[in-house]
Amino acid sequence: MRQRVIAGNWKMHHGPSATRRFFQEFSPRLSDPEPLILIFPPAISLLAAVEARRGRPEVMLGVQSIHWEPKGAFTGEISAGMASSAGARYVLVGHSERRHVFGETDEQVARKVGAAVNEGLTPVICVGETLEERRAGRVEEVILRQLDAALGGLCDGGAARFLVAYEPVWAIGTGETATPEDAATAHATLRSRLVQSLEEARADDVAILYGGSVKPDNVADLLAVTDVDGVLVGGASLDPDSFARIAEAG
Ligand code: PGA
């Protein structure tokens, strides 16, 4: 049985003070047993999050992006090793905003996956099609290309732990959610590719999350879909009450 995962991607929201306030309200709302909860604050808020979640070690923290090099002249970037020593255990790789706003390529995504795994961070590999690609009937082609490229970065033949997140770009921050049928089709496609690419037992362990306008009132329907093992939540993870309600559904 794969463990349920409820992940929150804060994007460029919540500096250190807001992070402390979030955990003051969020931590007491968690009851046992919970799904695995992952929070991706801005890197500048990571240390505040590590301190603020004290007493809730089951809440794991991650960063939203890393550079693939361990160090060097890369102004504005952070490395996997730095993220790990600051308390991150996970990293989002290939989020659609990185791909479409910052022009991140499949090749860069693969290098980031490799860097993450080398430093013991668990990558959450994000894939998803744009509206144009969906209308052109290219969902499968696009998400499999993105997945294959990212898996190419696991230079250990796929022994390292990783997660996958299916996030249709047209559903992110738009209030549009994929129907449970859309999610089921995409997740089944990704699951069967994992089975082809990795040993079956390993493929079975990989959680595939759905992301895109997940809210407290639609999370149960999405989690009911076969092969949806969890959710990656943007906007609705910023508010401690709404994120706690989503975590309860997990
Ligand atoms: P959203 O973002 O929940 O605000 O649509 C999801 C994401 O970008 O991970």
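Atoms within each ligand, like the ligands themselves, are counted from 1 in listed order. These numbers come from a predicted model, not from an experiment.
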**OP:** Tell me, please: is G211 in heavy-atom contact with ligand 1, that is, under 4.0 Å?
**Re:** no

**OP:** May I ask you to identify, for I172, whether its side chain, its backbone, both or neither come under 4.0 Å of ligand 1 on a heavy-atom basis?
**Re:** both

**OP:** Could you list which atoms of ligand 1 come closer than 4.0 Å to a heavy atom of N9?
**Re:** 9 (O)

**OP:** Taking atom CD of Q196 as the centre, report whether more than 12 heavy atoms of other residues, nucleotides or ligands fall under 6.0 Å from it.
**Re:** yes

**OP:** Would you tell me whether T177 and K215 have side-chain atoms, one donor and one acceptor, within less than 3.5 Å of each other?
**Re:** no

**OP:** Evaluate the ring planes of H14 and F22, with Trp represented by its six-membered ring, and classify them as parallel (under 30°), tilted (30 to 60°) or perpendicular (over 60°).
**Re:** tilted

**OP:** Look at the aromatic rings of H187 and Y166 and report parallel, tilted or perpendicular, splitting at 30° and 60°.
**Re:** perpendicular

**OP:** Have a look at A7, A236, G234, S96 and point out the one with the heavy atom closest to atom 1 (P) of ligand 1.
**Re:** G234

Original post:
When only distance counts, is G173 in polar contact with ligand 1, meaning an N/O pair under 3.5 Å?
Top reply: yes

**OP:** Go through ligand 1 atom by atom and flag the ones less than 4.0 Å from a non-hydrogen atom of K11.
**Re:** 2 (O), 7 (C), 8 (O)

Original post:
Which atoms of ligand 1 sit under 4.0 Å from any heavy atom of G212?
Top reply: 5 (O)

Subject >> Nearest neighbour in protein (non-hydrogen) for atom 4 (O) of ligand 1 >> reply: G235 N, 2.9 Å

Subject >> D229 and R191 ion-paired at < 4.0 Å >> reply: yes

**OP:** Could you tell me whether the side chains of E34 and S31 share a donor-acceptor contact shorter than 3.5 Å?
**Re:** yes

**OP:** Run the salt-bridge test on R99 and E97 with the 4.0 Å N-O cut-off and return the result as yes or no.
**Re:** no

**OP:** Check if H95 has a non-hydrogen atom at a distance under 4.0 Å from any atom of ligand 1.
**Re:** yes

Original post:
Got the closest protein heavy atom to atom 7 (C) of ligand 1, with its distance?
Top reply: E167 OE2, 3.2 Å

**OP:** Consider only side-chain N and O atoms of E129 and W170, and report whether a donor and an acceptor are under 3.5 Å apart.
**Re:** yes

Original post:
Numbering the atoms of ligand 1 from 1, which are under 4.0 Å from a heavy atom of S213?
Top reply: 1 (P), 3 (O), 5 (O)

Subject >> Proximity to ligand 1 by part of C126, non-hydrogen separation under 4.0 Å >> reply: neither

Subject >> Short N-O contact, E199 and R202, less than 4.0 angstrom >> reply: no

Original post:
A171 heavy atoms, cut-off 4.0 Å: which ligand 1 atoms fall inside?
Top reply: 5 (O)

